[in-house]
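Everything on this sheet refers to the single structure shown next.
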Amino acid sequence: MNWYQIKKYIYYTNDDYVRDIIALHLKKGTLKAIYNYICQTSFVSMEERFKGIAEDIECDICNAIVTLFLCEKPVLRWYLNSTEQLEMDIDSRFVDSLNVYNKICEFLTNLSCLIDDDIFLLDDVIKEKPLVLMVFKPQAPPEIIGGTKYFEFPSCQ
């Protein structure tokens with residue numbers, strides 16, 4: 001797929017400019033591991049006010065939003081609402097090149113390996129049946145889904 005097709009299919013902006021990232025069933029200590037990975041990765045950085053909070057990330061920082069910079073652009077937002085799921089979103093307005101797209105894929109693939117679980121890129125998590133655009137699996141290349149898979153949240157029973 002060339003950059004034009006990727007941008008049109010995944011990062012189109014005629015409906016909304018946000019793409020949601022989600023992973024469920026995180027293990028204890030995973031948020032700290034994600035935080036440490038972000039701090040050690042050369043192409044991702046975070047807001048200054050969140051630097052040095054690794055020890056408190058799983059208890060004192062809930063309901064915070066951390067802006068992550070990719071290629072010096074505020075591409076990702078990390079929502080610290082739960083210790084049991086990864087919630088991020090991508091601001092598609094800043095995904096303006098194949099290089100940025102590739103860095104997002106590398107980042108999410110590495111996170112998938114770190115948490116040892118699948119990460120899903122959705123069109124809109126608020127919809128009743130969000131469309132899965134991509135899946136990042138541990139030890140596998142990113143997979144673009146052909147518009148046929150919908151994400152179903154597990155029931156709360």
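- With a 4.5 Å cut-off on side-chain heavy atoms, Tyr35 and Val66 do not count as touching.
- Using a 4.5 Å heavy-atom threshold, the side chains of Tyr101 and Lys7 count as separate.
- For the atom pair CD1 of Ile65 and CG of Asp89, the computed distance is 8.5 Å after rounding to the nearest 0.5 Å.
- Judged by the 6.0 Å and 45° rule, Lys103 forms a cation-pi pair with Phe43.
- Under a hydrophobic clustering in which Ile, Leu, Val, Met, Phe, Trp and Tyr are joined whenever their side-chain heavy atoms come within less than 4.5 Å, directly or via other members, Phe69 and Tyr79 fall into different clusters.
- For Glu72, the salt bridge (charged side-chain N to carboxylate O under 4.0 Å, His left out) test picks out no residue, with sequence neighbours left out.
- Atom CG of Leu133 sits about 11.0 Å away from atom CD1 of Ile21, to the nearest 0.5 Å.
- Few gaps surround CD on Glu47; more than 12 heavy atoms of other groups in view lie less than 6.0 Å from it.
- Leu114 CG to Thr30 OG1: the interatomic distance, rounded to the nearest 0.5 Å, is 7.5 Å.
- In this structure, Lys137 and Ser112 approach most closely via the heavy-atom pair C-OG, 3.1 Å.
- Two residues are said to be in side-chain contact when any heavy atoms from C-beta on lie closer than 4.5 Å; Met88 and Leu68 meet this criterion.
- Each of Leu121, Asp118, Leu111 was evaluated against Phe136; a single residue qualifies, Leu121, per the side-chain contact (heavy atoms from CB on, under 4.5 Å) test.
- In this structure the side chain of Leu26 never reaches within 4.5 angstrom of the side chain of Thr83, judged on heavy atoms.
- Among all heavy-atom pairs drawn from Met134 and Pro142, the shortest one is CE-CB, 3.7 Å.
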_Verdict with supporting geometry, Val75 and Asp91, side chain to side chain contact (heavy atoms under 4.5 Å, CB included)_ = CA-CA 5 Å; Val75 176; Asp91 188 330; 5.8 Å; no

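- Distance check, rounded to the nearest 0.5 Å: CG of Asp96 to NZ of Lys73 gives 3.0 Å.
- One distance of note links CD of Gln5 with CD1 of Ile10; it measures 10.5 Å at 0.5 Å rounding.
- Looking only at side-chain heavy atoms (C-beta outward), Ile104 and Val100 come within less than 4.5 Å of each other.
- Closest approach of Leu76 to Ile90, counting heavy atoms only: CD2-CG1, 3.5 Å.
- Residues Val95 and Arg19 form no side-chain contact, since every pair of their non-hydrogen atoms from C-beta on lies 4.5 Å or further apart.
- Applying the salt bridge (charged side-chain N to carboxylate O under 4.0 Å, His left out) rule to Glu143 yields no partners; only residues at least two apart in sequence or on another chain are considered.
- We find the NZ-CD distance between Lys28 and Glu84 to be 10.5 Å, quoted to the nearest 0.5 Å.
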*List the steps, then state whether side chain to side chain contact (heavy atoms under 4.5 Å, CB included) holds for Leu122 with Val132.*
CA-CA 5 Å; Leu122 310 172; Val132 177; 3.7 Å; yes

*Worked check of side chain to side chain contact (heavy atoms under 4.5 Å, CB included) between Leu31 and Trp78*: CA-CA 11 Å; Leu31 290 183; Trp78 181 16; 3.9 Å; yes

*List the steps and the verdict of side chain to side chain contact (heavy atoms under 4.5 Å, CB included) for Thr109 and Glu106.*
CA-CA 5 Å; Thr109 298; Glu106 180 181 349; 5.9 Å; no

